[in-house]
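The structure appears right after this line, and notes come after that.
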Protein chains: 2
Amino acid sequence: MLELLVRMRNIRNNASGEMVGHPVTAQRRLLLDLIRGAGGHIDAKEIYRRASSQEESISLATVYRSLRLFKELGLVDERRLGKVRCYYETKRSVEHQHLVCKRCGKVLEFESPLIGELVAKAQREYSFKVTQAELCIEGYCRECKKKDS
Amino acid sequence: MLELLVRMRNIRNNASGEMVGHPVTAQRRLLLDLIRGAGGHIDAKEIYRRASSQEESISLATVYRSLRLFKELGLVDERRLGKVRCYYETKRSVEHQHLVCKRCGKVLEFESPLIGELVAKAQREYSFKVTQAELCIEGYCRECKKKDS
DNA sequence: TTAAGTGCAAAGGCTTTGCAGCATA
DNA sequence: TATGCTGCAAAGCCTTTGCACTTAA
């Protein structure tokens, strides 16, 4: 946690080239804590709901503004899973992808070196500079598969 | 084209088990034509813009309702590329994925058998019944890469 | 002290829906 | 003729923004 806050405080260069920081406010600390504690796959509304219960006056606007900042600083990843909503999770060292159940909404994590190969292929064949690769697999999880049949 | 309309007309079962169809209206014909003619990656607003120029009174609601029907009938695929918008394209035999340029918005198509392997792995390891797999790669295309550096 | 963050409320963009009238089969 | 599609306008959902006030450093 500490290192994230340090990173927040020392990340920009101002006009004179000095390193200047983003103030570490109580709200930002709380939100980052919540996202880290959520273990991945939490959306803005749920972050707001949990934050409100600890800090009644926090606003949804602050949640979105903080999420944008965290993204820019590389502290969290934003993923668009399923239909509409964005989900957030703190950045992890190992790349992973998601399986989303269309019936119960459960999100499973999924890892494979093949993703890296796909990215490499895109770079090679299209001279494309890849900044992000997202595989979203939709379907039905083990339990929901049974229930439906 | 013809076969798509036939499909639309004969796709449902009513309460008595007879096949009944969705009426083929002028609007649906026009919209399906436009989507097929667009060669992929067209969004609802653009579909509406083009449709309006041929049929002034058509409404955006009809565009969205038709898109939903086409999806349900399996006539078109809906893909969420980049940040927010959905793009539509007529269903093709070969599965493919997309590379989206963050600078100019261009969408490149991308094919690889590795996707199939990933899906197979998900099914195997998680007992997951996969209905859709979408890989969205973001980054910078050849031209924009040059311009930026 | 001062640049930057915050809450609030309003607005924005995309998509869906209620309703009365109209068209397809 | 009867089911169900259409246009219109309003609403819904998620996200962003303008403004005046407050706060971290």
Side-chain angles (χ1 to χ4, degrees), chain A residues 5-16 18-32 42-49 51-52 54-73 76 78-88 105, chain B residues 5-16 18-32 42-49 51-52 54-73 76 78-88 105:
Chain A
L5 300 176
V6 169
R7 199 154 156 200
M8 199 182 305
R9 287 227 47 244
N10 295 289
I11 206 145
R12 290 172 315 147
N13 286 47
N14 68 9
S16 333
E18 308 165 67
M19 289 298 264
V20 294
H22 299 271
V24 176
T25 63
Q27 289 91 333
R28 287 176 181 172
R29 209 187 313 261
L30 169 60
L31 292 171
L32 203 46
I42 188 170
D43 65 14
K45 207 164 104 190
E46 178 62 18
I47 294 170
Y48 173 61
R49 206 187 57 69
S52 300
Q54 288 188 49
E55 181 73 42
E56 217 178 310
S57 72
I58 201 169
S59 78
L60 191 51
T62 294
V63 172
Y64 279 108
R65 281 188 284 233
S66 299
L67 285 171
R68 182 157 49 172
L69 175 68
F70 297 163
K71 269 189 286 174
E72 284 167 13
L73 301 187
V76 308
E78 176 187 69
R79 308 283 310 240
R80 189 175 292 277
L81 304 179
K83 288 292 89 183
V84 182
R85 231 180 246 84
C86 286
Y87 292 81
Y88 299 86
Chain B
L5 300 177
V6 169
R7 199 155 157 199
M8 201 182 301
R9 286 230 44 246
N10 295 288
I11 208 145
R12 290 174 314 150
N13 286 48
N14 67 10
S16 332
E18 307 164 69
M19 289 298 264
V20 294
H22 298 272
V24 177
T25 64
Q27 290 91 334
R28 286 175 182 174
R29 209 187 313 262
L30 168 60
L31 292 171
L32 203 46
I42 187 170
D43 65 16
K45 207 164 104 189
E46 178 62 17
I47 293 170
Y48 173 62
R49 208 188 55 70
S52 299
Q54 288 187 48
E55 180 74 39
E56 217 178 310
S57 71
I58 201 170
S59 78
L60 190 52
T62 295
V63 171
Y64 278 108
R65 280 189 283 230
S66 300
L67 285 171
R68 181 158 49 169
L69 176 67
F70 296 163
K71 267 189 286 172
E72 284 169 11
L73 300 187
V76 309
E78 178 188 68
R79 307 285 307 239
R80 190 174 293 276
L81 305 178
K83 288 291 91 182
V84 183
R85 230 183 246 83
C86 286
Y87 292 81
Y88 299 86

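Residue numbers start from 1 in every chain, and the chains themselves are labelled A, B, ... in the order their sequence lines are given, proteins ahead of strands. In this text the structure is predicted, and so the values were computed from the model without any measurement.
- Here the OG1-CG distance, from T25(A) to L31(A), works out to 8.0 Å after rounding to the nearest 0.5 Å.
- Summarising the geometry, the separation between CD1 on I47(A) and P on dC14(D) is reported as 13 Å, rounded to the nearest angstrom.
- Nucleotide dC14(D) holds its C1' atom 12 Å from the OH atom of Y87(A), rounded to whole Å.
- If you check dA24(D), dG7(D), dT15(C) against the side chain of T25(A), the one that comes closest is dA24(D).
- Between I58(B) and Y48(B), the shortest heavy-atom distance links the atoms O-CE1, 3.3 Å.
- Going from atom CG of L67(B) over to atom C1' of dT6(D) covers 15 Å, rounded to whole Å.
- The side chain of Q27(B) approaches dG7(D) more closely than any other nucleotide in the set dG7(D), dC14(C), dG5(C).
- One interatomic measurement links the two molecules: CZ of R29(A) to P of dT23(D), which rounds to 15 Å at whole-angstrom precision.
- When side chains are defined from C-beta on, F70(B) counts as touching R28(B), because their heavy atoms get closer than 4.5 Å.
- Residue order along DNA chain C, read from the 5' end via each residue's closest nucleotide, puts A61(A) first among R68(B) and A61(A).
- The CG-C1' distance, from L69(B) to dT24(C), rounds to 14 Å in whole Å.
- Whole-Å rounding puts the Y88(A) OH to dC14(D) C1' distance at 10 Å.
- Phosphate contact (OP1/OP2 of dG13(C), side-chain N/O of K45(B), threshold under 4.0 Å): absent.
- Atom pair L60(B):CG and dA11(D):P shows a separation of 17 Å (rounding to whole Å applied).
- Distances were taken from every side-chain heavy atom of S57(A) (C-beta onward) to each of dA24(D), dT6(D), dG7(C); the shortest belongs to dG7(C).
- Between S59(B) and Q27(B), the closest side-chain pair of non-hydrogen atoms is not below 4.5 Å.
- For the pair Y64(B) OH and dA10(D) P, the computed distance is 19 Å after rounding to whole Å.
- Below the 3.5 angstrom threshold, one finds a donor paired with an acceptor across the side chain of R65(A) and the base of dG7(C).
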